[in-house]
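Read the structure below first, then the notes.
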Amino acid sequence: MRLSRYFLPILREVPKEAEIVSHRLMLRAGMVRQESAGIYAWLPLGLRVLNKVCAIVREEQNRAGAIELLMPTIQSADLWRESGRYDDYGKEMLRIRDRHEREMLFGPTNEEMITEIVRGYVKSYKSLPLNLYHIQWKFRDEVRPRFGVYRSREFLMKDAYSFDLDAEGARHSYNKMFVAYLRTFSRMGLKAIPMVADTGPIGGNLSHEFIILASTGESEVFCHADYLDKAVPGAGTDFEDRAGLQGLVDQWTELYAATSEKHDSDAFGAIPEPRRLAARGIEVGHIFYFGTKYSAPFGAKVQGPDGAEHMIHMGSYGIGPSRLVAALIEASHDEAGIVWPEAVAPFRVGILNLKTGDSATDAACEDLYARLVAAGIDVLYDDTDERAGAKFASADLIGLPWQILVGPKSLAAGKVELKRRVDGTRELVSPDDVLERLTA
RNA sequence: CGGAGCAUAGCGCAGCCCGGUAGCGCAUCUGCUUUGGGAGCAGAGGGUCGCAGGUUCGAAUCCUGCUGCUCCGACCA
């Protein structure tokens, strides 16, 4: 992409409403624009990151055996009356009437709908286990939206719902998601720690929150420091190996880790003092097992091998990609701007033409650009006639992991500079070597 | 939902107390000079002063109502 043709409204000054660093940087980097309290338009740069986050979420959900579908944003009130949550949910639910005065709502979650869908088709234990997920916009009419897309009213959510014949099967489904979550966050460059969680209004008795550590996090968390160095299960993990998967989950839950709501100071105190970690954290995922809480009121049951009818055991598993984008920035930024992990960077590489109009510099940039594009690399070519300093500032602000600085100085020696955003280091290398390095 | 505050150009703000035909910085556009860490000079464009009423010869400014947004607290993927 040529910057001169792109839509990247960078702000030099910070809109005053932005309090936390991720919100400020997202506005400055031209990633989002507020349209209403807690409602945002995703501008091209922000959308690129959001899509990359979703792609990783999808890959790991699919790897763990979950199947994607797509449910609507608008649901009927009747569906929610069936579970009894229409009245319970309160003012957080955005209620709407259509032209026929039918009561509708903008979905805050989809347990009811997915249960209704499965009830309609699944009649035999042979169809189980089943895990269906979708990535869809949701709306919760928060009393006080804040922190940009971190706590917005409209937000993108991946929610998966598992269906099993019995509690043991459900436990296995839970473990699949548990491992999938470890992998998902790890691939985004985050260290996410599963913590024992309150099951909240959704209910159930088995639940973990996935927390990443960030000084700006809103919850207080306590855990064993060994979690920070734990190896995440590999891509070759056999998700059908029940015992093996349980072993992985056990490894990841045997050490102490809890949010302040579930904090047990005795257990925490039992950790050797130097390994005690009290920090602030951001919740980026939450998984639940809730048994027959929804299948019972919906009459979602299957016939088992014994010929009898069994209530389906369910779990649900959420990740908020829109929130994750903010969380990623909270976890990775500096004074100059965002420091994207490569896996989610809007563009992996930036080419900075430090002297637009100079024929040698222009030619070298065009050549590099063409070759990187041909190699299938996401590259943003700053071909504008801004001064070098402004280009450095912009590239650092939007967090491009690799920046190729092309100017007359280094070009005189047949070189360009390859700069790493994460530590600011630069190397003088030939254009051919840059290609080599970035495509390796 | 309790408490506090704000609303003037794309962004950040001044002007309001004390009414008199709307201003600054950044951004944008044109020209010239610059050109390796957010350049300089000269010029230009851009605003129903959140909305609706009222007071007044005259309202961004005073009064009333409304709307939107932000912050603190309780709640929350």
Side-chain angles (χ1 to χ4, degrees), chain A residues 9-20 23-24 27-28 30 33-39 57 89-93 107-111 135-160 181 197-202 207-212 218-219 259 261 282-288 316-327 335-337 352-358 361 382 384-398 403-412 416-417 419 424 426 428:
Chain A
I10 285 178
L11 270 41
R12 194 188 288 203
E13 284 168 285
V14 193
K16 64 169 178 181
E17 74 268 15
E19 283 294 306
I20 63 169
H23 191 195
R24 280 204 297 272
L27 291 171
R28 286 197 58 210
R33 177 183 174 83
Q34 179 168 330
E35 293 297 339
S36 235
I39 299 177
V57 168
Y89 221 92
K91 291 188 171 179
E92 282 211 342
M93 179 184 278
T109 181
N110 287 72
E111 278 89 2
I135 298 178
Q136 178 61 290
W137 293 94
K138 303 205 178 315
F139 195 92
R140 289 183 196 167
D141 201 355
E142 296 276 346
V143 188
R144 192 183 160 209
R146 62 185 130 172
F147 304 150
V149 298
Y150 181 73
R151 161 130 321 127
S152 50
R153 292 196 292 171
E154 187 182 59
F155 56 99
L156 192 59
M157 178 91 160
K158 183 286 298 182
D159 38 340
Y181 275 36
D198 209 352
T199 50
I202 297 180
S207 173
H208 285 90
E209 285 179 11
F210 286 75
I211 304 274
I212 60 171
E218 60 181 345
S219 42
T259 59
E261 301 90 54
I282 299 177
E283 182 184 350
V284 291
H286 203 159
I287 61 179
F288 294 94
S316 82
Y317 316 90
I319 292 179
S322 51
R323 158 178 282 197
L324 249 180
V325 173
E335 290 72 32
L352 278 62
N353 186 336
L354 301 184
K355 191 164 185 178
T356 310
D358 177 277
T361 322
D382 191 344
T384 63
D385 53 10
E386 285 294 315
R387 297 162 64 86
K391 293 189 180 186
F392 293 138
S394 294
D396 284 348
L397 172 63
I398 66 175
Q403 299 167 20
I404 307 172
L405 316 183
V406 184
K409 277 187 188 174
S410 47
L411 220 46
V416 297
E417 281 173 274
K419 173 180 160 183
R426 299 175 180 196
L428 268 178

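Here is the naming used below: chain letters follow the sequence lines, and residue numbers restart at 1 for every chain. What you see below is based on every heavy atom in this structure, not just the backbone, and it leaves out hydrogens, waters and symmetry mates. Quick caveat: nothing in here was measured; it's all calculated off a predicted structure.
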Return yes if the base of B/G36 and the side-chain atoms of A/Ser410 contain a donor-acceptor N/O pair under 3.5 Å, otherwise no.
yes
In whole Å, what separates the C1' atom of B/U56 from that of B/U64?
16 Å
Treating primed atoms plus P, OP1 and OP2 as sugar-phosphate and everything else as base, which nucleotides of nucleotides 1-14 of chain B get B, S or - for protein heavy atoms under 4.0 Å?
B----S----BSS-
Is there a Watson-Crick or G-U wobble partner for B/A52 with both distances under 3.5 Å, and if so, which one is it?
B/U64
State whether the distance check finds a donor on one side and an acceptor on the other, under 3.5 Å, for side chain A/Arg146 versus base B/U70.
no
Quote, to the nearest angstrom, the P distance that separates B/G3 from B/C66.
15 Å
Verify the stacking flag for A/Phe392 against B/G36: centroid separation must be under 5.5 angstrom and the ring planes must differ by under 30 degrees.
no
Are A/Leu27 and A/Val14 side-chain neighbours, meaning at least one heavy-atom pair lies under 4.5 Å?
no
Find the partner of B/C26: check Watson-Crick (N1-N3 plus N6-O4 or O6-N4) and G-U wobble (N1-O2, O6-N3) distances, both under 3.5 Å, and reply none if neither fits.
B/G10
Please work out which of the three classes, parallel, tilted or perpendicular, describes the rings of A/Tyr150 and A/Phe147, given edges at 30° and 60°.
tilted
In whole angstrom, give me the gap between the P atoms of B/G31 and B/G15.
37 Å
For A/Ser36 and B/C69, is the shortest distance between a side-chain N/O and OP1 or OP2 below 4.0 Å?
yes
Between the base of B/C76 and the side chain of A/Arg151, is there a donor and acceptor pair under 3.5 angstrom?
yes
If I compare all heavy atoms of A/Val149 with all of A/Ser322, which pair ends up nearest, and what's the gap?
CG2-O, 3.5 Å
Identify the nucleotide, in any strand shown, that forms a Watson-Crick or G-U wobble pair with B/G31, with both distances under 3.5 Å; if there is none, say none.
B/C41
With a 3.5 Å limit on both atom pairs, tell me what B/G5 is paired to, counting Watson-Crick and G-U wobble, or say none.
B/C69
